[in-house]
Amino acid sequence: MEEHSTLQEIIENRIKKMLRFRDRGDEPYKYIFHRSSTIAEARTQFEELEKSNPENAQLGLSAQLAGRIVARREQGKSTFMDIRDESAKIQLFFGENQVGADKYETLKDYDLGDFVGASGKVRRTKRGEITLFVETFQILTKSLRSLPEKYHGLTDIETRYRQRYLDLVANPEVMDIFRKRTQMIEEIRNYLKSRGFLEVETPMLHPIPGGATARPFITHHNAYDTDLYLRIAPELYLKKLIVGGFEKVFELNRCFRNEGVDTKHNPEFTIMEMYEAYQDYIGLMDETEDMLYTVMTKVIGSEEFEYQGLKISLKRPWERIPLYEAIRNYAKIDLENTRDREEAKKIAESIGVEIKPEMGYGKIVDEVMSTKVKPHLINPTFLYDYPVEISPLAKRKRDNPALTERYQLFIGGLEVCNAFSELNDPLDQRERFLEQVKLREAGDEEAQYLDEDFLTALEVGMPPTAGLGIGIDRLAMLCTNSGSIRDVILFPLLRKI
RNA sequence: GGACGGGUAGCUCAGGCGGAAGAGCACCGGACUUUUAAUCCGGGGGCCGCGGGUUCAAGUCCCGCCCCGUCUACCA
């Protein structure tokens, strides 16, 4: 026997073992295997039998199980293996007398990582471990590569992201994060559907990127020979549906923004946007609170939870503070009584907020909020009534045209929602777009485009409407106590290598 | 984009003072019929991220580049 150990040699050695299975007529990549149950079910059934009929339990419970070999302890004429399926782990016992000498000999061709199917009796070993005492077994899939280390698991963060399957194999608790994420999304869908909202799908390829201030990804359609943009938000299409007569719609899917990557931003991320006719932002704030309270307490299982060392309480009612009042409270400055950029800049700089030349009045207010207010918003807090300059799709506040009826929700210092009474005055909307066009011409690449199709729709008439957007990934971060958005995205974007 | 930290065996990590590349797990061979991070004996395995430079000698020092992380900047 030659000796092995470089990766190449390990693979070659495993291929040899795989071929030996094939030579014996035991196809190493099986087509199907009928399990009598999952491992978790088999364990539960056995434990119940132990309680109800201990004598029968000692005889064992027949089972046919399958899983990936994750540990192996050889002992001459007996061998123990641990196999794992999605539900649980179980120990297998192979004895030479029980499976036959020839068959026992084939165990040397099994490696960690292989999938095996086995049938026999489930009962306890002398040491009390629930174990499948194997009578017959077969290879289901031969693995050609060694698994990450059994004790420390896989910790290299780059490999965990690039080869998430290895992360899941080595760190099965990671599965729970993604199960919770899915559960959370299902709860949101259930909540909205049960209240009469219709889930719809609008285009991801947009001729004009709109609905948010962000740089888009550009792509090209060959047949029409035209550039298209991956959507930065579904907002404008959803509002067109309200124009068309739908009264409660939502969309929960991916958006794309061609911007920086950090612990709170991934270029593709998931957003839930909902629109409700005949509603305004105050009513929608009530609904947001009720929906997120319902969803989060279900997923987390409690009103109180910890996020990255912060203690957060979801206890209602959630705090609601006008944006300018929050700035007065936390930043100790007043920006409400000025609309002048230079004056606002002076005031902001007086408390150490850095103001860049390209920031207008609205951006200055936003910057003060982000740096001086947001970090304090640990328990769920709504900030509302934002300056019109940074809210081009929101309706002006009914008694103050300098503000918009807009709110954002913050939890654990993360912005999770953005919502407003939707601007449905087509003339005002055109002016707002024109303001954005000016900004764009002045070099602001994130400024919005004028969208004539959307204006046409508003001219047809959109009823009073309130709309909400939720950052699903950030909500998942909160529900799973994840410090990085990449921990709640199965395959986060990394640089190509 | 900037600062800091990291990249050494398939995995987890030592070595960082320039002087023959290490450990555990995994792997290969052997012993063992109740182990469970099994144990015991023996063995193999390295482009030390990549490319230059300094030096008699570089994993280690210097320069450049690539990738990852955190913070920051930009940005919802």
Side-chain angles (χ1 to χ4, degrees), chain A residues 1-14 16-17 70-82 89-99 104 108 111-113 123-131 133 143-163 166-167 169-171 211-215 232-233 255 257-267 269 271 354 356 358-359 363 366-367 369-371 374 390-391 408 410 414-418 444-446 469-471 473-474 483-487 492 494-497:
Chain A
M1 266 278 175
E2 64 244 77
E3 283 151 348
H4 299 273
S5 89
T6 65
L7 178 58
Q8 210 28 252
E9 287 166 333
I10 287 172
I11 290 174
E12 284 166 13
N13 188 41
R14 286 187 174 215
K16 282 182 195 152
K17 292 176 176 176
V70 294
R72 177 187 170 115
R73 295 173 290 281
E74 257 184 285
Q75 199 128 166
K77 294 189 166 70
S78 72
T79 295
F80 292 90
M81 286 183 188
D82 295 340
K89 272 205 304 200
I90 193 166
Q91 176 168 267
L92 305 186
F93 173 81
F94 300 82
E96 195 188 58
N97 291 341
Q98 289 77 14
V99 301
Y104 188 83
K108 71 178 192 307
D111 288 302
L112 297 186
R123 54 189 164 85
R124 284 192 193 271
T125 62
K126 285 178 207 157
R127 302 261 175 121
E129 178 81 20
I130 296 178
T131 299
F133 286 79
S143 165
L144 301 183
R145 285 175 186 263
S146 48
L147 291 180
E149 210 239 6
K150 63 180 175 187
Y151 190 57
H152 298 91
L154 180 69
T155 61
D156 182 78
I157 194 77
E158 185 174 355
T159 310
R160 291 186 50 217
Y161 292 155
R162 285 193 196 277
Q163 295 177 273
L166 288 181
D167 187 27
V169 169
N171 309 308
T213 47
R215 270 194 272 182
I232 56 176
C255 286
R257 296 185 185 177
N258 202 341
E259 286 165 357
V261 174
D262 62 31
T263 48
K264 295 171 185 66
H265 298 86
N266 194 62
F269 62 103
I271 199 167
E354 201 183 325
K356 302 237 153 52
E358 67 273 15
M359 287 181 173
K363 281 269 177 66
D366 195 42
E367 182 67 13
M369 186 277 288
S370 290
T371 56
K374 192 157 89 171
I390 49 170
S391 315
Q408 293 189 310
F410 299 85
L414 289 179
E415 177 209 322
V416 296
C417 293
N418 185 26
D444 181 353
E445 290 192 68
E446 282 90 23
I470 296 180
D473 307 280
R474 290 180 184 175
S484 169
I485 195 168
R486 294 175 167 201
D487 293 328
L494 296 185
R495 215 178 280 271
K496 194 156 60 173
I497 48 173

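The shown structure was predicted, so the numbers you read here are calculated from the model rather than taken from an experiment. Per chain, numbering begins at 1; letters A, B, ... match sequence-line order.
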Those residues that, when tested against A:Val70, pass side-chain contact (heavy atoms from CB on, under 4.5 Å) (two or more places apart): A:Arg68, A:Asp82, A:Arg84, A:Lys89
Under-3.5 Å N/O pairs linking protein and nucleotides 36-38 of chain B:
unit_1: B:rU36; atom_1: O4'; unit_2: A:Arg73; atom_2: NE; d: 2.8
unit_1: B:rU36; atom_1: O2; unit_2: A:Gln91; atom_2: OE1; d: 3.4
unit_1: B:rU36; atom_1: O2; unit_2: A:Glu129; atom_2: OE1; d: 3.4
unit_1: B:rU36; atom_1: N3; unit_2: A:Glu129; atom_2: OE1; d: 3.4
unit_1: B:rA37; atom_1: O3'; unit_2: A:Lys150; atom_2: NZ; d: 3.3
unit_1: B:rA38; atom_1: OP1; unit_2: A:Lys150; atom_2: NZ; d: 2.3
unit_1: B:rA38; atom_1: OP2; unit_2: A:Arg73; atom_2: NH1; d: 3.4
unit_1: B:rA38; atom_1: N7; unit_2: A:Glu74; atom_2: O; d: 3.3
unit_1: B:rA38; atom_1: N6; unit_2: A:Glu74; atom_2: O; d: 2.6

Checking the side chain of A:Ser143 only, and the main-chain atoms of A:Arg145 only, is there a donor and an acceptor separated by less than 3.5 Å? yes
Applying side-chain contact (heavy atoms from CB on, under 4.5 Å) to A:Asp444 and not counting sequence neighbours gives A:Lys363, A:Leu439, A:Glu446, A:Ala447
Under-3.5 Å donor-acceptor pair between A:Asn97 side chain and B:rU33 base: yes
How is A:Lys17 classified with respect to the nucleic acid when contacts are heavy atoms under 4.0 Å: base, sugar-phosphate, or nothing? sugar-phosphate
Can you find a side chain N or O atom of A:Arg495 that sits less than 4.0 Å from OP1 or OP2 on B:rC68? yes
Closest nucleotide of RNA chain B for A:Glu415 versus for A:Leu112: which of these residues is on the 5' side? A:Leu112
Classify A:Arg215 by what it touches in the nucleic acid, base, sugar-phosphate, or nothing, heavy-atom distance under 4.0 Å. nothing
At under 4.0 Å between heavy atoms, what does A:Thr79 touch on the DNA or RNA strands: base, sugar-phosphate, or nothing? nothing
If you look at every strand shown and take non-hydrogen atoms under 4.0 Å, does A:Ala214 touch a base, only sugar-phosphate, or nothing? sugar-phosphate
What nucleic acid atoms does A:Met81 come within less than 4.0 Å of, heavy atoms only: base, sugar-phosphate, or nothing? nothing
Any base atoms under 4.0 Å from A:Gly153, or only sugar-phosphate, or nothing? Heavy atoms, all strands. sugar-phosphate
Glycosidic conformation of B:rC62, syn or anti, with 90° from 0 as the boundary? anti
Kindly state each residue pair satisfying salt bridge (Lys or Arg N to Asp or Glu O under 4.0 Å) with at least one member in residues 147-160 of chain A, sequence neighbours excluded. A:Glu158-A:Arg162, A:Arg160-A:Asp167
Return the pairing partner of B:rC25 with a 3.5 Å limit on both distances, Watson-Crick or G-U wobble; otherwise return none. B:rG10
Set of residues satisfying salt bridge (Lys or Arg N to Asp or Glu O under 4.0 Å) with respect to A:Glu96, sequence neighbours excluded: none
Is it the case that the side chains of A:Ser78 and A:Tyr104 hold a donor-acceptor pair, with the cut-off being a distance below 3.5 Å and no angle test? no
Between B:rG53 and B:rA58 - P atom distance, rounded Å: 12 Å
Below 4.0 Å: OP1/OP2 of B:rC11 and any side-chain N or O of A:Ser146: no
Starting from the 5' end of RNA chain B, give me the residue, A:Met359 or A:Pro148, whose nearest nucleotide shows up first. A:Pro148
Which residues share a side-chain contact (heavy atoms from CB on, under 4.5 Å) with A:Gln8, sequence neighbours left out: A:Thr6, A:Glu12
Under 4.0 Å, heavy atoms only, any strand: does A:Lys264 hit a base, just the sugar-phosphate, or nothing? nothing
Whole angstrom is fine here: how far is it from CG in A:Asp167 over to P in B:rC11? 14 Å
